[in-house]
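Data first, discussion second: the structure below is written as structure tokens.
We're numbering straight along the sequence, starting at 1.
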Amino acid sequence: MTIITLEGPSSVGKTTAMAICEGSSAVRVPEVNELFDATQNDSTKWYHERQCDRWNRAVELEKEYDTVILDGDVFQPLWYSWSIHENAFWELQTCIGLRDGMAVGEGARSFLADSTREKTPLGHTQRHFLGQLPISDTRTMYRQAIGRIIDEAQRRAELTRPVTVAIDTTEDRPFTGDRTGHEDEIIGTKQPGEDYAYQWATIQVADSEVPLILDALPIVRGNSRAEIVADLLDSAREFVSVELVLMDREFDGSEVKAVCEEREVHYLTPKRKYRTERETIEQMKRDGETVRIVPESTQAGSNRLKLFLPSSAESKVADDIDVEKPAHPNHRQEMANELGIDTADLDGKASPLGQFLSEIRDEEEIDSKDEIGDGAGFTVFQTNHPDLADLTTDDDPTREIERIHMITRFVRWYRRRQEIEVGYKKVKQFMAKTTSKQFGLRFFYFAFACLLYSIWRLVDLLVRISLFDDGSSFPRVTTNDVLTIAKKTGIG
């Protein structure tokens, strides 16, 4: 009794040779794709399991026939990849991404029905090849693609001036399985009840018109915030001129600010309140100050400024502090006019900046209290922007009005960070659903989703420029519209 296997890539004559050998004493076991319906499967081990099934069938047939011939192609997932156009892989991923919550196996079956291509990737083939991509290659391809998007935006007179960008981190879906062997990739989160997740960082244009995600990178245990900021800034500056970078309190560190200063980039970030900041705040309460700008020198000679401003209603000065309040000019009406706030809407103790800061808190929790209770009622930002450099605190009432107005306008820029939070919500809708622990594959899904988001926002911008003239930045193009266009034109 003999089992023979004939191997080789497609179309080299294996099946023809089998037909010559077949006879009353020989029988052929067909290849996997002839025996089984691959489109109904979603297991990464499916092809291996079907090869085992073929061998078991050969063993059983060997009991009846002198010779069993396996029409083999054990590397079929690899051989067949060359016969599938590269764009089919990208089109399949696009089809999956633009349909919320779709997994690759399901997406491959849907794409097979929708596509006009003769050959499209199977789900396990798609995962196999994407999982083989090094993270460095994924990032290189992302930058190439976003470069083309930015070229188009600049050709339409967008992104031609220095831009404000936002750097932030986000978490993948919570991870609940065994982390063994993946401890450096699946790291702790800040969300209650969600202990571990893959984490990513991005840099995005902080503009509601063209909020393109310029780059993304995976976060692993040991990555410092300074390293993340340096990497993302260097990448973004290849495409656009960065004037200001917005970061949340997570990036409040001297090393992060030094990274920005070395690259001559301005930054604005909330600052944690330590003893020095708390003492300044308490002094401001005693003096009745509304805002204060305090310069902070560094060993490198950088010009950093700390901005102190009310976070909500002004805190009542403690009764036991026997400090005579100096005559303090009334700037509330001027501030209200500057901010467009109706003073009738403010109670007797509320700061005109309070409404503005409460808006920020609606989007991101601003630390207005510390653990021991002092320093309450004020928040602190830090920046190196030169527009505030000559407005440091003095006793000139006119200068105080100028400081109030300038700080108010300046810190309003920070609200542009809301665009990155909105973007993350949409990006996660564009991510293919998976339970894979392959770090490279998970990052590819996130990066590709970021690219789909940027393509969608660019398409929407071009449509609004061409067809609408109402000044609105509200998206007019749906993701389903983008999918329809992709089906017709492809994603080359």
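Side chains of F381 and L268 form a contact here, defined as non-hydrogen atoms less than 4.5 Å apart. Residues R225 and V259 are not in side-chain contact: their nearest non-hydrogen atoms beyond the backbone lie 4.5 Å or more apart. Annotation: side chain of D248 is in contact with side chain of Y414 (closest heavy-atom distance under 4.5 Å). No side-chain heavy atom of D215 sits under 4.5 Å from any side-chain heavy atom of I146. V27 places none of its side-chain heavy atoms less than 4.5 Å from the side chain of V29. In this structure, the side chains of F175 and E185 stay at 4.5 Å or more apart for every pair of heavy atoms. In this structure the side chain of S235 never reaches within 4.5 angstrom of the side chain of I203, judged on heavy atoms. Residues T169 and F251 form a side-chain contact, since some pair of their non-hydrogen atoms from C-beta on lies under 4.5 Å apart.
Between W200 and F439, the two ring planes are parallel [angle under 30°; tilted spans 30° to 60°].
Side-chain atoms of R417 do not come within 3.5 Å of backbone N or O of M247 as any donor-acceptor pair. The main-chain N or O of V220 is found under 3.5 Å from a side-chain atom of N223 such that the two form a donor-acceptor pair. Between the side chain of K437 and the main chain of D178, a donor-acceptor pair closer than 3.5 Å is present. Side chain of D460 to main chain of V210: no donor-acceptor pair is present (N/O by atom type, distance under 3.5 Å, no hydrogens or angles). Using a distance-only test at 3.5 Å, with no hydrogens or angles considered, a donor-acceptor pair links the side chain of R272 to the main chain of D252. Judged by distance alone, the side chain of E152 and the main-chain N or O of V459 form no donor-acceptor pair under 3.5 Å. With hydrogens and angles disregarded, no donor-acceptor distance shorter than 3.5 Å links the side chain of T202 to the backbone of Q204.
Salt-bridge check for D234 with R263: passed, with a basic side-chain N closer than 4.0 Å to an acidic carboxylate O. Looking at E261 and R304, a side-chain N of the basic residue comes within less than 4.0 Å of a carboxylate O on the acidic one, giving a salt bridge. Ion pairing between E106 and R109 fails under the 4.0 Å rule for side-chain N and carboxylate O.
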Candidate pair Q93 and Y445, rule side-chain contact (heavy atoms from CB on, under 4.5 Å), full reasoning:
CA-CA 9 Å; Q93 199 66 30; Y445 283 175; 3.3 Å; yes

Chi angles and distances behind the side-chain hydrogen bond (donor to acceptor under 3.5 Å, both in side chains) call for E255, S224:
CA-CA 9 Å; E255 296 83 1; S224 71; over 6 Å; no

I would like to know whether L130 and Q438 meet side-chain contact (heavy atoms from CB on, under 4.5 Å); could you show each step before the answer?
CA-CA 10 Å; L130 295 182; Q438 286 185 276; over 6 Å; no

Could you walk me through whether T5 and R54 satisfy the side-chain contact (heavy atoms from CB on, under 4.5 Å) test, starting with their C-alpha distance in whole Å, then the side-chain angles of each, then the deciding distance to 0.1 Å, before giving a yes or no?
CA-CA 11 Å; T5 179; R54 290 178 69 241; 6.0 Å; no

Before you tell me yes or no, could you show the steps for I187 and Q199 under side-chain contact (heavy atoms from CB on, under 4.5 Å), namely the whole-Å CA-CA distance, both residues' side-chain angles and the distance that decides it to 0.1 Å?
CA-CA 7 Å; I187 53 184; Q199 297 187 25; 3.5 Å; yes

I'd like to know whether R148 forms a salt bridge (Lys or Arg N to Asp or Glu O under 4.0 Å) with D151, so could you lay out the CA-CA distance, the side-chain angles of the two residues, the decisive distance to 0.1 Å, and finally the verdict.
CA-CA 5 Å; R148 294 167 61 185; D151 286 344; over 6 Å; no

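Residues P30 and R28 share a closest heavy-atom pair of CD-O, 3.7 Å. The two residues S454 and L212 have their closest heavy-atom pair at O-CD2, 3.6 Å. Closest of all the heavy-atom pairs between T138 and L133 is OG1-CB, 4.0 Å. Pairing each heavy atom of T383 with each of Y267, the nearest pair is OG1-O, 2.6 Å. Closest approach of V242 and V165 over heavy atoms only: CG1-CG2, 3.7 Å. Taking every heavy atom of both residues into account, F446 and V427 meet most closely at CE1-CG1, 3.8 Å.
Here the straight-line distance linking atom NZ of K271 with atom CZ of R249 works out to 10.0 Å at 0.5 Å rounding. Interatomic distance, CG of L441 versus CD1 of I135, reported as 10.5 Å (0.5 Å rounding). In this structure, the separation between CD on E277 and OG1 on T379 is 11.0 Å, given to the nearest 0.5 Å. Distance CZ/F444 to OG1/T434: 12.5 Å, rounded to 0.5 Å. Atom CG of L217 is separated from atom CG of L232 by 4.5 Å, given to the nearest 0.5 angstrom. Here the straight-line distance linking atom CG of L458 with atom CD1 of I455 works out to 8.5 Å at 0.5 Å rounding.
Among residues two or more places apart in sequence or in another chain, the salt bridge (charged side-chain N to carboxylate O under 4.0 Å, His left out) test is passed with R237 by none. Remark: T140 engages R143, Q144 in a side chain to side chain contact (heavy atoms under 4.5 Å, CB included) (not counting sequence neighbours). For the salt bridge (charged side-chain N to carboxylate O under 4.0 Å, His left out) test, residues two or more places apart in sequence or in another chain that qualify with R221 are D184.
Taking the centre of each ring, W413 and H385 come in below the 6.0 Å mark.
Applying the 6.0 Å contact sphere to CZ of R179 captures more than 12 heavy atoms from other residues, nucleotides or ligands. Around atom NZ of K428, more than 12 heavy atoms belonging to other residues, nucleotides or ligands sit under 6.0 Å away.
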